[in-house]
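Remember, it's 1-based here, ligands and their atoms both numbered in the order they're listed. Numbers here simply count residues along the sequence, with the first being 1.
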Amino acid sequence: MEKNSKIIVTGHQGMVGSAVLKALKQNEFKNVIGISRSDVDLTNQADTLSLLKKTKPDYMIIGSAKVGGIMANSTYPAQFLYDNIMIQANLIHSAYQVGIKKLLSLGSSCIYPKFANQPMKEEELLTGLLEPTNEPYALSKIIGIKLCDYYYKEFGCQYISAMPCNLYGYGDNFHLDKSHVIPALMRKFHDAVEMDLPSVTCWGSGSPLREFLFVDDLADALLFIIENFKGPGFLNVGSGDEVTIKDLAQTIAGIAGFKRKIIWDIDKPDGTPRKVLDSTKLNSLGWTHSNSLDTGLRKTYDWFLKNQDLYRK
Ligand code: GFB
């Protein structure tokens, strides 16, 4: 990408999109446009095409998606499948129609089968059944990968994808029911300290393993990928920072200063038992993450403390 290339980042008010926008600006890209839900409904094909016709970008990074944690995924399966299929299909097809040079689409490690070989290489895709709690989201993200692959194959478009592990960081969603585990636990432990509660209840057994990546590292990886990966196909983006949910809860409790009882509600779902990515392909191109889980968690908690007016809405 040239420093004056026109680059569109969709979902630029969300956690991922805002980190990508910040990274592009830090890297002195001068012609960057952020697109959010208030600018256009990306589930609407005509509006999406019209936006891209008007803006005519050279490059596009898709940071827009309907996302949420394990309960949101299970509660709104139709919305997770429909919205994400439409957002990706509209953006990818419109990108082709207006001749965007290169496009980077974003997925998730939940695209892999529930019992995939660990660590999961890119080749594990479509080798088994998906984890039921996130099947709709995973299916939509598999479609995103395949759309990029097939536009590459049929029309020679440089459309590629990145599959990150579980993400967290600045601008995350701290909603108690809809969010992912890290923001949910930060809020629960923080509130318990403030309210002097005797216990905090976490979901599931605490035994699942998760790999986490700080969002600024993801943004750095995405810029690296769009500049260095020619495709076709997709790359895993992981940190190798894998922990049990129980250990994660202890760490976050420590950061928030909560010293009392942690209760595990086994009526809540565990989700997939383990999903650690094999990021060898990306690492061998020359990229690795910078923030350890501990550093990333502290940065996120500091952000959370400073932005309580946002997450309390
Ligand atoms: O982050 P999370 O919601 O998503 O949950 P997944 C991870 C683990 O943390 C699960 C446990 O085993 C949860 O049961 N957990 C414990 C909690 N306490 C809590 C809590 O208070 N809130 C939440 N949210 N979890 C998502 C997928 O799966 O991962 C998405 O649903 C996406 O589609 C995303 O792929 C990256 O890792 O289970």
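Note on ring orientation: taking the six-membered ring where Trp is involved, the planes of His190 and Phe304 are perpendicular (angle over 60°, cut-offs 30° and 60°). The aromatic rings of Phe80 and Tyr76 lie parallel to each other, with less than 30° between the two planes, well short of the 60° mark.
Of the protein's heavy atoms, Ile70 N, 2.8 Å lies nearest to atom 3 (O) of ligand 1. Among all non-hydrogen protein atoms, the one lying nearest atom 27 (C) of ligand 1 is Asn134 ND2, 3.5 Å. In terms of protein heavy-atom proximity, atom 1 (O) of ligand 1 is closest to Val181 N, 2.9 Å. Looking at atom 36 (C) of ligand 1, its nearest protein heavy atom turns out to be Asn166 OD1, 3.5 Å. Counting protein heavy atoms only, atom 18 (N) of ligand 1 is closest to Trp203 N, 2.9 Å. Looking at atom 28 (O) of ligand 1, its nearest protein heavy atom turns out to be Lys275 NZ, 3.5 Å. When only non-hydrogen protein atoms are considered, atom 34 (C) of ligand 1 lies nearest to His180 NE2, 3.4 Å.
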For Phe214 and His289, run ring pair (Phe, Tyr, Trp, His ring centres under 6.0 Å): C-alpha distance rounded to whole Å, both residues' side-chain angles, the deciding distance at 0.1 Å, then the answer. CA-CA 9 Å; Phe214 185 57; His289 74 297; over 10 Å; no
Under the side chain to side chain donor-acceptor pair (under 3.5 Å) criterion, do Glu124 and Asn117 qualify, and how do the steps go? CA-CA 7 Å; Glu124 290 289 316; Asn117 291 311; 3.1 Å; yes
Could you go through Tyr151 and Tyr96, starting from their C-alpha distance and side-chain angles, then the distance that decides it, and tell me whether this counts as ring pair (Phe, Tyr, Trp, His ring centres under 6.0 Å)? CA-CA 8 Å; Tyr151 277 73; Tyr96 161 66; 5.6 Å; yes
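Stacking of Lys102 on the aromatic ring of Tyr59 is not recorded, the 6.0 Å distance cut-off and the 45° axial limit not both being met.
Of the candidates Lys268, Arg210, Glu211, Lys246, it is Arg210 that places a heavy atom closest to atom 37 (O) of ligand 1. Comparing Ser108, Gly107, Ser207 by heavy-atom distance to atom 32 (C) of ligand 1, the nearest is Ser108. Of all the listed residues (Asn73, Ile245, Asp270), Asn73 holds the heavy atom that lies closest to atom 31 (O) of ligand 1.
Evaluated for a salt bridge (Lys or Arg N to Asp or Glu O under 4.0 Å) with Glu242, the options Arg210, Lys275, Arg274 yield exactly one hit, Arg274. No option in Leu125, Val237, Leu106, Ile145 other than Ile145 meets the side chain to side chain contact (heavy atoms under 4.5 Å, CB included) test with Met163. Paired with Thr10 under the rule side chain to side chain donor-acceptor pair (under 3.5 Å), one option of Ser64, Ser36, Ser105 passes, and it is Ser64.
With a heavy-atom cut-off of 4.0 Å, Tyr137 touches ligand 1 through its side chain alone.
Distances from ligand 1 to the non-hydrogen atoms of Glu131 include no value under 4.0 Å.
Gly144 approaches Ile92 most closely through the heavy-atom pair O-CD1, 4.1 Å.
Which parts of ligand 1 touch Ala184 is read off a 4.0 Å heavy-atom cut-off, strictly below it: atoms 20 (C), 21 (O), 22 (N). Each of the atoms 24 (N) of ligand 1 lies under 4.0 Å from some heavy atom of Ser179. Short contacts between ligand 1 and Gly69, defined as distances under 4.0 Å to a heavy atom of the residue, involve ligand atoms 3 (O), 31 (O). Counting atoms of ligand 1 from 1 in the listed order, those under 4.0 Å from a heavy atom of Cys110 are 33 (O), 35 (O). Heavy-atom proximity to Lys188, at under 4.0 Å, picks out these atoms of ligand 1: 20 (C), 21 (O). Residue contact check: Pro269 has heavy atoms under 4.0 Å from atoms 13 (C), 14 (O) of ligand 1.
Put simply, CD1 on Ile7 and CD1 on Ile61 are 6.5 Å apart, with the number rounded to the nearest 0.5 Å.
Between Trp264 and ligand 1, no N or O atom pair is found at a separation short of 3.5 Å. The shortest N or O to N or O distance between Leu185 and ligand 1 is not below 3.5 Å.
Linking ILVMFWY side-chain heavy atoms closer than 4.5 Å, directly or via other members, places Ile262 and Ile266 in two distinct hydrophobic clusters.
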